[in-house]
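Working notes, structure below.
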Amino acid sequence: QVQLVESGGGLVQAGGSLRLSCVASGRTFSSVAMAWFRQAPGKEREFVAAISWSGANTQYADSMKGRFTISRDNDRNTVYLQMNSLNAEDTAAYYCTASMYGRLSKRIPPDIGDFGSWGQGTQVTVSS
């Protein structure tokens, strides 16, 4: 079981940027795909981005393409989400999660059931 701790959320003006980090404990981090999801009040949790175990492959939800970048550093057991050109619709709690698989799903968005460990979330609030 991988334990995950997110950080980097906060309040930012529209058009601004934030970088979220997620530190994982456990020896399996470097062998599993990782992803970010988000959940706004009153809405379902939605897929944001995913990255394969090696970092060679990434996936994004359509609304995040070109604005968000997911990356990972397996030496530091950390996955990142760089978020640029933020707008009010990006306001949500952002969750880091570890896949049960090393490769990315062929489905976009991936099945949330593919992910077994979740962080506690970090809040991102974008003021317009």
Side-chain angles (χ1 to χ4, degrees):
Q1 188 83 356
V2 178
Q3 293 185 328
L4 306 168
V5 179
E6 304 98 332
S7 62
L11 176 64
V12 63
Q13 289 187 334
S17 299
L18 281 175
R19 188 176 83 153
L20 306 183
S21 299
C22 172
V23 179
S25 62
R27 292 177 291 178
T28 61
F29 174 81
S30 61
S31 65
V32 297
M34 298 293 295
W36 289 92
F37 282 71
R38 70 184 186 184
Q39 188 166 19
K43 295 188 177 181
E44 293 186 353
R45 192 166 294 191
E46 67 170 341
F47 172 71
V48 174
I51 188 166
S52 62
W53 68 273
S54 67
N57 297 294
T58 57
Q59 292 174 335
Y60 297 91
D62 286 343
S63 61
M64 288 71 164
K65 285 181 181 178
R67 300 191 301 126
F68 291 10
T69 302
I70 188 170
S71 61
R72 67 189 296 162
D73 184 340
N74 285 347
D75 290 335
R76 297 186 176 187
N77 274 21
T78 304
V79 62
Y80 304 97
L81 184 68
Q82 177 67 42
M83 305 186 295
N84 299 328
S85 301
L86 287 163
N87 57 61
E89 288 70 39
D90 295 316
T91 294
Y94 284 71
Y95 297 90
C96 173
T97 181
S99 173
M100 291 183 281
Y101 310 102
R103 295 183 177 181
L104 297 179
S105 169
K106 294 182 179 180
R107 295 176 50 187
I108 302 176
D111 187 341
I112 200 167
D114 288 350
F115 300 92
S117 298
W118 294 83
Q120 82 290 350
T122 186
Q123 179 66 35
V124 172
T125 302
V126 184
S127 63
S128 56

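For CD of Gln39, the number of neighbouring non-hydrogen atoms (other residues, nucleotides, ligands) closer than 6.0 Å is greater than 12. Residue Gln120 qualifies as enclosed at atom CD: its count of foreign heavy atoms under 6.0 Å is above 12.
No continuous path of hydrophobic side-chain contacts links Tyr101 to Ile108 [ILVMFWY only; heavy atoms under 4.5 Å]. Note on Phe68: it does not cluster hydrophobically with Phe115, by side-chain heavy-atom contacts below 4.5 Å among ILVMFWY residues. One hydrophobic cluster, built from ILVMFWY side chains closer than 4.5 Å, cannot hold both Phe47 and Leu20; they sit in different ones. Each of Val32 and Tyr95 belongs to its own hydrophobic cluster when Ile, Leu, Val, Met, Phe, Trp and Tyr are linked at side-chain heavy-atom distances under 4.5 angstrom. By the criterion of side-chain heavy atoms lying less than 4.5 angstrom apart, applied directly or through intervening Ile, Leu, Val, Met, Phe, Trp or Tyr residues, Met64 is grouped together with Trp36 in one hydrophobic cluster.
Rounding to the nearest 0.5 Å places CD of Glu46 at 4.5 Å from CZ of Arg38. Taking CG of Asn77 as the start and CE of Met34 as the end, the distance is 9.0 Å to the nearest 0.5 Å. Ile51 contributes atom CD1, which lies 8.0 Å from atom CG of Leu104 (distance to the nearest 0.5 angstrom). With rounding to the nearest 0.5 Å, the separation of CG in Leu18 from CG in Leu81 is 9.5 Å. Put simply, OG on Ser54 and CG on Asn74 are 8.0 Å apart, with the number rounded to the nearest 0.5 Å.
For the pair Arg72 and Tyr80, the cation-pi test (distance below 6.0 Å, angle within 45°) is failed.
Of the possible donor and acceptor atoms, none in the side chain of Asn87 sits under 3.5 Å from a partner among the backbone N and O of Ser128. Remark: side-chain polar atoms of Thr91 are paired, donor with acceptor, to backbone N or O of Val126 under 3.5 angstrom. A donor-acceptor pair under 3.5 Å links the side-chain atoms of Ser117 to the main chain of Val2, judged by distance alone.
When all heavy atoms are compared, the tightest approach of Leu86 to Arg67 is CA-NH1, 4.0 Å. Taking all atoms of both residues into account, the shortest heavy-atom contact from Cys96 to Leu4 is O-CD1, 3.5 Å. Contact record, Ser105 with Pro110: CB-CB, 3.9 Å, taken as the closest heavy-atom pair.
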For the pair Thr58 and Tyr60, evaluate side-chain contact (heavy atoms from CB on, under 4.5 Å) and give the outcome as yes or no after the intermediate values.
CA-CA 7 Å; Thr58 57; Tyr60 297 91; 3.6 Å; yes
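Side-chain contact annotation: Thr78 with Asp73, donor-acceptor N/O pair under 3.5 Å absent. With 3.5 Å as the limit, one finds no donor-acceptor pair spanning the side chains of Asn57 and Gln59.
Using a 4.0 Å cut-off between charged nitrogen and carboxylate oxygen, Arg107 and Asp114 do not count as a salt-bridge pair.
When ring centroids are compared, Phe37 and Trp118 come within the 6.0 Å threshold.
The only option from Thr122, Thr97, Val23 that meets the side-chain contact (heavy atoms from CB on, under 4.5 Å) definition with Glu6 turns out to be Thr122.
When side chains are defined from C-beta on, Val124 counts as touching Met83, because their heavy atoms get closer than 4.5 Å. Between Val5 and Gln3, the closest side-chain pair of non-hydrogen atoms is not below 4.5 Å. Side chains of Ser52 and Arg103 form no contact here, defined as non-hydrogen atoms less than 4.5 Å apart.
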